[in-house]
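Computed from a prediction, not measured in an experiment: that's the story for all the values here.
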Amino acid sequence: MAIQRIKVLDVPVDICEVQDIEEKILELEAQPGTKQIVFLSVWDLLKARRKGDYARCVQNADLILPISKSIIKGAKKLKQPIPVRYNPFNAIISILSVLESHYKSLYLLGGRKKTLMAAEKNVRTTFKDLQIVGRYVGFYPKSVENDIVQAIYKASPSLVLVSEGIKERDGWAYNRRNSFSSSIFLYQKDIIGIFGERITRISEKKFDKGLEIWDEIKHNPLKLALIFPYMKYRILLIWYRLFKKNDASEKKS
């Protein structure tokens, strides 16, 4: 298996076929140290073009899976190899299924207490051979953070699912990467809420059409302002196609 890493507007994006997910997850799980999977939206891509912790987090991620249709279209416009677009919920279910089939372990981080407990119960019911070795709520006081980090370090779970209430989002694991022994970290804001049946996940039909942003706007009309960064993205694609060459893609094992 060779995963190809391309760049869209100088931001890395991995081309990982669905059939290669199992092998890649097991490969990462076997490696020592902190590993990170990033779900990359078009808004994240624009953020990753700036300097800062998030940009470094993306540049150093072990697997970067695009979730926005706009990224796929962007790769086409730049005449790059075309990545596979992932639905975050389906991808997480696939990853948990891989880990369960190999009797691996999971730590849940995020959400409110009631939602987290419901999420844990539902995950245990669905993935009976997946060992849940710990959990902690989001929105926690700073005073308990060292205890959380130590708990994850000692449990050494195969995967840490990070969700709402973790202010640094993907950056939480990256900024503490030297504090863990051997775990994969994956952030998805709504996943514990979905597992805890507090949040309804986006329909497959809407996601396939790239209409998921309208659900976000429905809950927060201020997100209509995203039209401006989206216009910037479209302009940058034209600029790069006309005046800049994308870096050559690279193969990752």
Side-chain angles (χ1 to χ4, degrees), residues 1-3 14 16-39 60-65 67 84 86-111 113-138 147-166 169-170 172-174 176-199 201 252-253:
M1 174 194 66
I3 291 179
D14 287 330
C16 180
E17 302 295 335
V18 173
Q19 64 268 24
D20 292 332
I21 278 288
E22 179 170 8
E23 186 178 348
K24 183 61 180 178
I25 294 303
L26 293 177
E27 174 193 305
L28 289 178
E29 199 275 336
Q31 294 173 3
T34 300
K35 291 85 60 172
Q36 191 154 18
I37 300 171
V38 169
F39 287 136
N60 288 283
D62 299 275
L63 186 61
I64 304 164
L65 301 177
I67 63 172
V84 176
Y86 279 84
N87 180 320
F89 177 80
N90 292 343
I92 289 171
I93 293 298
S94 295
I95 292 168
L96 293 180
S97 297
V98 168
L99 296 175
E100 181 198 24
S101 67
H102 291 83
Y103 305 98
K104 301 299 182 179
S105 57
L106 173 69
Y107 191 104
L108 298 170
L109 177 61
K113 184 177 181 179
K114 184 178 179 180
T115 304
L116 179 59
M117 297 303 287
E120 179 183 359
K121 180 181 177 181
N122 289 332
V123 171
R124 286 187 188 277
T125 300
T126 305
F127 302 97
K128 292 182 170 61
D129 292 322
L130 181 65
Q131 184 183 7
I132 299 181
V133 294
R135 86 288 304 152
Y136 207 91
V137 295
D147 293 337
I148 297 170
V149 170
Q150 280 298 308
I152 295 173
Y153 171 79
K154 290 176 181 177
S156 191
S158 304
L159 175 70
V160 180
L161 264 185
V162 185
S163 192
E164 64 178 332
I166 305 303
R169 301 162 66 97
D170 292 283
W172 192 89
Y174 178 74
R176 295 158 184 79
R177 60 194 179 280
N178 296 324
S179 299
F180 306 110
S181 53
S182 180
S183 296
I184 302 169
F185 286 80
L186 174 57
Y187 172 83
Q188 207 287 321
K189 179 185 176 184
D190 295 331
I191 194 60
I192 287 178
I194 293 171
F195 284 161
E197 300 179 341
R198 186 181 65 80
I199 296 174
R201 67 185 180 94
K252 295 186 72 191
S253 59

Between the side chain of [X] and the main-chain N/O of [Y], is any donor-acceptor distance below 3.5 Å?
X: Y86; Y: C16; answer: yes
X: T115; Y: G193; answer: no
X: S158; Y: K104; answer: no
X: D14; Y: L65; answer: no
X: Q131; Y: Y103; answer: no

Hey, could you give me the [atom1]/[atom2] distance between [X] and [Y], rounded to the nearest 0.5 Å?
X: S105; Y: E29; atom1: OG; atom2: CD; value: 7.0 Å
X: Q150; Y: I148; atom1: CD; atom2: CD1; value: 11.5 Å
X: R135; Y: I152; atom1: CZ; atom2: CD1; value: 12.0 Å
X: I95; Y: L26; atom1: CD1; atom2: CG; value: 11.0 Å
X: F195; Y: L161; atom1: CZ; atom2: CG; value: 6.5 Å

Does the side chain of V160 come within less than 4.5 Å of W172's, by heavy atoms?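 No, side chains not in contact.
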
Any side-chain heavy atom of D62 within less than 4.5 Å of one from F185?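 Answer no - side chains too far apart.
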
Closest heavy-atom pair and its distance - [X], [Y]:
X: D170; Y: I37; value: OD1-O, 4.2 Å
X: V133; Y: P157; value: CG2-CB, 3.7 Å
X: L130; Y: V123; value: CD2-CG1, 4.3 Å
X: S156; Y: S183; value: C-OG, 3.8 Å
X: I67; Y: P88; value: CG2-CG, 3.7 Å

Let's go through S181 and K154 carefully: what are the C-alpha distance in whole Å and the side-chain angles of both, what is the deciding distance for side-chain hydrogen bond (donor to acceptor under 3.5 Å, both in side chains) to 0.1 Å, and is it a yes or a no? CA-CA 8 Å; S181 53; K154 290 176 181 177; over 6 Å; no

Worked check of side chain to side chain contact (heavy atoms under 4.5 Å, CB included) between E27 and K35: CA-CA 11 Å; E27 174 193 305; K35 291 85 60 172; over 6 Å; no

Please walk me through it: do R124 and I132 pass side chain to side chain contact (heavy atoms under 4.5 Å, CB included)? CA-CA 8 Å; R124 286 187 188 277; I132 299 181; 3.5 Å; yes

